[in-house]
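Notes follow once the structure below has been shown.
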Amino acid sequence: MSVIQSIPPKATEDRKKITTRLIQAMKTHHEPICMLTAYDYPTALVMDQAGLDIILVGDSLGMVELGYESTLPVTMDEMIHHSKAVARGAKYALLVGDMPFLSYQVSTTEAVRNAGRFLQEAGMNAVKLEGGSERAEAIRAIVGAGIPVMGHLGLTPQSVHKLGGFRPQGRDAEAAYKLVEDAQVLQEAGCFSLVLESIPGRLAELVSQRLEIPTIGIGAGVGCDGQVLVTHDLLGLFERFTPKFVKQYANLSGEMKRAFSEYKADVKANAFPGPEHTVEMNDDEWHNLEQRLAQTSPIFIIHDPSMR
Ligand code: KIV
């Protein structure tokens, strides 16, 4: 039975806000957790209407929305700006703000302060950060300040240069063992859930079974407790590259190109706007205007729309 059966996606009035406790209960009841990324108000609104459990304002923002080559240039201020827009759109999903590169690695104090900004300024309910045991201290401090933390292991895009590219992780026994250990450390440090990105399916399943907290997979198979995708990948809106693990549910780039081309053709052919898109003025008022203009500025020639 669904843990959130009392939350039908459309009947918004009697829906409950999703909390970290509900997310934990979903694992207990074997109900898959459904998460997507969003970076703006209209997308967050539609996701909330569709009944998504978690919305992540991912630092993938940098690549799919801001056009950077990686997530590294994304700043705290950019994340806060987009998180605020998402929070205005989504009232029910659990909202997670992704801590950008260098916002939590330099010192524990900075990590807590930056995590706090996501809740205090941007209306997020939790934060996410990347890395294993080397992040345990920062996680403990952030959780200690009352801020729920989602961990992120496997392919951690902020370490793209250290990893030698956007490549699958944990494929040999040593790396897989380290990942199992790191997952345990993150749980003990207080994470309420864990993203597992681009690791072998059976490793993700093993980690999910060993942990009490839910795992959320991206390119990690069906054995995780939930799934996440970058929304632009799912919608076919990011054409630079599409990871193998993405299932494309729409082709919005194609649809947008069609709409923009049709609009251009209409404008060039004077076929838009039509009368139905144009505000009219009644004839009496129009003649009044003509008379007044003729008196005050006799050389002014009024364009008569009926002569077009
Ligand atoms: O930034 C992001 O979108 C992410 C997801 C891929 C989990 O971290």
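Every number for a ligand or one of its atoms is a count from 1 in the order of the listing.
Across all their heavy atoms, Thr108 and Ala141 have their closest contact at CG2-CB, 3.2 Å.
Cation-pi check for Arg15 over Tyr92 is met; the charged atom lies under 6.0 angstrom from the ring centroid and within 45 degrees of its normal.
Electrostatic pairing of Asp77 and Arg117 counts as a salt bridge here, judged by a charged N lying under 4.0 Å from a carboxylate O.
The protein heavy atom nearest to atom 3 (O) of ligand 1 is Ser60 OG, 2.5 Å. The shortest contact between atom 7 (C) of ligand 1 and any protein heavy atom is with Leu56 CD2, 3.7 Å. Ile218 CD1, 3.6 Å is the protein heavy atom nearest to atom 6 (C) of ligand 1.
Here side-chain hydrogen bond (donor to acceptor under 3.5 Å, both in side chains) pairs that include residues 250-259, with residues two or more places apart or in two chains, are Glu239-Lys257, Glu255-Arg258, Arg258-Glu262.
Applying the 4.0 Å criterion to heavy atoms of Gly58 picks out, from ligand 1, the atoms 1 (O), 2 (C), 3 (O). Taking every non-hydrogen atom of Asp98 and a distance limit under 4.0 Å, the qualifying atoms of ligand 1 come out as 1 (O), 2 (C), 8 (O). Atoms of ligand 1 found under 4.0 Å from any heavy atom of Thr37, numbered from 1 in the order shown, are 3 (O).
No side-chain donor-acceptor contact under 3.5 Å links Gln158 to the backbone of Leu102.
With a heavy-atom cut-off of 4.0 Å, Thr71 does not touch ligand 1 at all. Of the heavy atoms in Leu61, none comes closer than 4.0 Å to ligand 1.
Counting only heavy atoms from C-beta outward, the side chains of Ile147 and Val127 approach each other to under 4.5 Å. Counting heavy atoms from C-beta outward, Leu186 and Ile139 have side chains that approach closer than 4.5 Å.
Not one N or O of Tyr39 is nearer than 3.5 Å to an N or O of ligand 1, by distance alone. Among the atoms of Asp59, some N or O lies under 3.5 angstrom from an N or O of ligand 1.
Using a 4.0 Å cutoff on heavy atoms, Lys128 counts as a contact of ligand 1.
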